[in-house]
Amino acid sequence: MTLTLALTLLLSIMIGLSLGLLGGGGSILTVPILTYVAGLDPKEAIAASLFVVGVTSVFSAVTHARQGRVKWRTALIFGLASMVGAFLGGLAGGYIPGTVLMIAFAVMMVATSLAMIRGRKKEKESSERTDLPIVKILIEGLVVGLVTGLVGAGGGFLVVPALALLGGLSMPVAVGTSLVVIAMKSFAGLGGYLTSVSLNWALVGAVTAAAIVGSVIGARLAGKIPEAALRKGFGIFVLVMGFFVLAQELPGVGGLIVAGAAGAAAVAALVCWFAVPRCPLRSKAFAG
């Protein structure tokens, strides 16, 4: 086993940890790992990430389903719409330049990280709606699936809020249900990409196995680590990775500007955290 492969597999465990603990974030890690560590072409990395996240989500969903945290009717309606969007996104992604896809992916990383750092608003627990807004769910599923199929991202952190708002699901049930949706649209997006991209299935299989190990560990750690702290820490990591991808993909001066801005923002955050008594990063409002 080469050092590169060993590092790829070690980092792949984090993919499963994210899915097992947070119900999302797997694809946000998978694409950069496969692109910058394993050395895959961006299109191959996106296609491979759809398989890795899809299979890992199936394993995680089984655990949630056994504990009654999956609403199958909502999952199937949202998932079928997402599959259509994901397949179309995968078809289109095969014909878009890799650099464009990676820049779009980096933008998705930044948006996702900010949503994670901000956190979810606390909502009252509510029973599942009997009058599901089918049209809204179909439209939302189609759009989310299109984004996922195109850039290989936009999984749980788009699906979970949509299920909570449109389906009237509590957060634990929304997380479990989202894993079913993520699996469905990931495989559909993969189908779209495979019309124009071929994969190294030995590498993809090894990364998937490592991610599954991570998901098992994540499932056992769930509830033992404060979810808010974990989410914010992971969000900051994803934000840094998003700027790193932009710095790598933007040409010349643009990349240097993004890298400089990211460095300045990181230093400002550290100074605020450790030197400013009322830093918003440590305020109760931010801890939400």
Side-chain angles (χ1 to χ4, degrees), residues 8 11-12 14-16 18-20 22-61 75 78-96 98 100-102 104-109 112 141-160 178-212 214-215 238 241 245:
T8 300
L11 292 173
S12 296
M14 295 178 63
I15 299 168
S18 172
L19 285 167
L22 302 174
S27 55
I28 289 294
L29 292 175
T30 312
V31 174
I33 289 172
L34 293 177
T35 302
Y36 300 113
V37 180
L40 295 186
D41 174 82
K43 294 180 184 180
E44 294 177 3
I46 291 173
S49 77
L50 291 169
F51 179 85
V52 173
V53 172
V55 173
T56 308
S57 295
V58 170
F59 276 80
S60 298
F78 197 107
L80 289 173
S82 295
M83 289 179 74
V84 175
F87 183 76
L88 294 175
L91 281 175
Y95 299 96
I96 297 175
V100 174
L101 290 173
M102 290 304 294
F105 182 83
V107 171
M108 178 63 68
M109 290 183 75
T112 298
L142 186 66
V143 173
V144 171
L146 186 64
V147 173
T148 301
L150 190 62
V151 299
F157 296 109
L158 288 177
V159 177
V160 172
S178 77
L179 290 167
V180 177
V181 175
I182 291 170
M184 294 173 69
K185 64 191 180 70
S186 293
F187 291 130
L190 174 65
Y193 261 101
L194 289 181
T195 61
S196 58
V197 174
S198 59
L199 297 177
N200 179 345
W201 287 106
L203 174 62
V204 173
V207 170
T208 303
I212 291 173
S215 72
V238 171
M241 287 294 295
V245 173

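For this chain, numbers begin at 1 and follow the sequence in order.
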* Asked: Which ring-ring contact (aromatic ring centres under 6.0 Å, His included) pairs, counting each pair once, include a residue from residues 37-57, with sequence neighbours left out?
  -> Phe51-Trp201
* First locate atom CZ of Phe78, then atom CD1 of Ile182, and finally report the distance between them rounded to the nearest 0.5 Å. =>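 Result: 10.0 Å between the selected atoms.
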* Hey, could you give me the CZ/CG distance between Phe87 and Leu146, rounded to the nearest 0.5 Å? =>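 Between Phe87 CZ and Leu146 CG, I get 13.0 Å after rounding to 0.5 Å.
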Go through the structure and list residues passing side chain to side chain contact (heavy atoms under 4.5 Å, CB included) with [X], not counting sequence neighbours.
X	result
Leu142	Val84
Ala81	Leu138
Ala206	Leu9

Considering all heavy atoms of both residues, which atom of [X] and which atom of [Y] are nearest to each other, and what is their separation?
X	Y	answer
Ser186	Val53	OG-CG1, 4.2 Å
Ser12	Ala210	CB-CB, 3.8 Å
Met184	Leu80	CE-N, 3.7 Å
Phe187	Val55	CZ-N, 3.6 Å
Thr35	Met102	OG1-CE, 4.1 Å

* Structure fact -> The side-chain contact (heavy atoms from CB on, under 4.5 Å) partner of Val197 among Leu199, Thr195, Leu194 is Leu199
Measure from the side-chain N and O atoms of [X] to the backbone N and O of [Y], and report whether any donor-acceptor pair falls under 3.5 Å.
X	Y	result
Ser82	Gly141	yes
Tyr193	Leu150	yes
Ser215	Ile212	yes

* Taking side chain as C-beta onward, heavy atoms only, is Ser49 less than 4.5 Å from Val52? -> no
Run the side-chain donor-acceptor check on residues 38-47: report pairs under 3.5 Å with partners two or more places apart or on a different chain.
| residue | atom | partner | partner atom | Å |
| --- | --- | --- | --- | --- |
| Asp41 | OD2 | Lys43 | N | 3.0 |
| Lys43 | NZ | Gly94 | O | 3.1 |
| Lys43 | NZ | Ile96 | O | 3.2 |

* Asked: Does a sphere of radius 6.0 Å around CZ in Phe59 hold more than 12 heavy atoms from other residues, nucleotides or ligands, not counting ones at 6.0 Å or beyond?
  ->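 No, not enclosed.
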